[in-house]
Amino acid sequence: MQASHEMVPAANLADADTQKKMSDENDEDQPPPGFGESSDAVKEVTQQLETTVKVSEGETVDEPDLSLKSGGLREQPEAEITTKTEGDSIYTAAQKFEDLPLSPELLKGLYVEMGFKQPSKIQASTLPMILTPPYKDLIAQAHNGSGKTTCFVLSMLSRVDPSVPFPQALCICPTRELVVQNLSVLRRMAKFTTITSTSTATELEDGGMRRTPIKEQVVVGTHGKLKNWVTKRLLALENVAILVFDEADEMLKADAFADDSVRLINQLRKKNPKVQLLLFSATFNDEMKRFAMSIARQANQVFVAKEKLSLDVIAQYNVRCPDRTSKTRVLKEIIFPNCDRLGQTIIFVRTREAARTLHAEMDRDGYKCTSISGEKAPEDRDRVVQEFRDGTTKVLISTDVLSRGFDVSQVTLVINYDVPIERDGRSPAYETYLHRIGRSGRFGRKGAAFNLMSTAQDMEVMARISSYFNKPIAELKWDDEDQFIEVLNKTL
DNA sequence: CTAATTT
């Protein structure tokens, strides 16, 4: 494949020309990196759907209350969304949920159980694409907190035949916590249907080990156990009509995730060539976008330019600390004393060990918080998350196990105790940054993020993140509590 | 040495 253009490597992301070009014609019709597309496949009708700021006409934009009840969480300014449909299909954005081919039971679930009033923008544009036969694949990117979960949960539920007692819809997620959360949303939305569901995190009561084939119609899981179930013939793929990847770019990253993900897709397509593949995430960098398109070559596509991805409702600040010890002082002397008025806080660290030791130190010195990482037992993780959801705990120290998708509406503050870097130990983890700060400011609430930097590398990383998203990040003095409080009062 | 997921 010729790397003719737009292969913006991380190194020269500061190039302003490149950035402008990308945002202007962000996705100029780059055909999938394949060969021999038939003239039919090449005939990609590029058509803009109703993605302009129509909904907010007549209302003031800064009226957060109105957005609360729409099917997603918060309404985003999504004029920057690029929609590309494949083939001849023409879709009309759904103004109301009734415009969609949904059963009365599902509509009731949306209105009564979920309390939604109307589709969010990502739902309005993608649900018609997903639910209109022939059921085409979809690669969909949308802002954090814009209602992606509702999209794929509705899609799975509406493709299930309640009279068939076998798995018909699968959803694969990167973490146990996301599995639990997605299953919970799914069961609420399915409340008035007879559709059954289970997950890879649901089997504790089974003594840990499943022995009988799954009869539930929707299955949500992490890749390891799903693979295991398929291998042991506990999960039959014959009737699966739809496969959803939550946090798809993460699930397709070149490591263990990708291997299992691709294998599952291939197995499924072998059993049922028409299986519908949905890839959802808030982030698709150029590489993952290409990879996703190579997996789903005929997919409809919805993308957001990365410069438009950073959420303006989340105030972001860099904090230059003299050393790592002073990061802890920021927590003890500034964050914790203001905890009560802050809502809830998530502190992200890089390693399991850091989660453990920081928690131990805070605990020792009387600062009440909890911590979570992959080294904890599943029951402990469940408990810690539940306490945080209940609001029993206000501050949670976490590795990136919770960086994606974790939805707790009371979180107003995210602390990057360690700035996000890739596993090479050097490169900025752009996507991780966006996901982490997106844990705050949910449900139309405001949020803030503090990035604690103590080394030259930390500063370099934050500088590159800032330039990647074209988002200036102001700096705060680490030992000036008044400044912090002023910022918090202003933004929260 | 390092997150996440498994057997």
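Values below: all heavy atoms of this structure, side chains included; hydrogens, waters and symmetry mates excluded. Each chain gets a letter, A, B and so on, in the order its sequence line appears, and its residues count up from 1.
Between the CH2 atom of A/W229 and the C1' atom of B/dT7 there is a distance of 15 Å, rounded to whole Å. A/F257 has its CZ atom 13 Å from the P atom of B/dA3, to the nearest Å. For the pair A/D418 CG and B/dA3 P, the computed distance is 11 Å after rounding to whole Å.
Across all strands, A/G374 comes closer than 4.0 Å only to sugar-phosphate atoms, never to a base (heavy-atom distances). Using a 4.0 Å heavy-atom criterion, one finds that A/T432 contacts no nucleic acid atom at all. Contacts of A/D255 with the nucleic acid, taken as non-hydrogen atoms under 4.0 Å apart, include base atoms. When heavy atoms are screened at a 4.0 angstrom cut-off, A/R263 is found touching no nucleic acid atom at all.
Figure legend: A/K289 and A/F303 shown as a cation-pi pair, the cationic atom lying under 6.0 angstrom from the six-membered ring centre and within 45 degrees of its axis.
Counting non-hydrogen atoms of other residues, nucleotides and ligands closer than 6.0 Å to CZ of A/R233 gives a total of 12 or fewer.
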request  = Mind running side-chain hydrogen bond (donor to acceptor under 3.5 Å, both in side chains) on A/Q344 and A/R439 for me, showing each step along the way?
outcome  = CA-CA 10 Å; A/Q344 284 173 293; A/R439 294 319 95 214; over 6 Å; no
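Listed here is the closest heavy atom pair of A/M129 and A/T83: CE-CG2, 3.1 Å.
Of the candidate nucleotides B/dT6, B/dA3, B/dA4, B/dA3 has the atom nearest to the side chain of A/E250.
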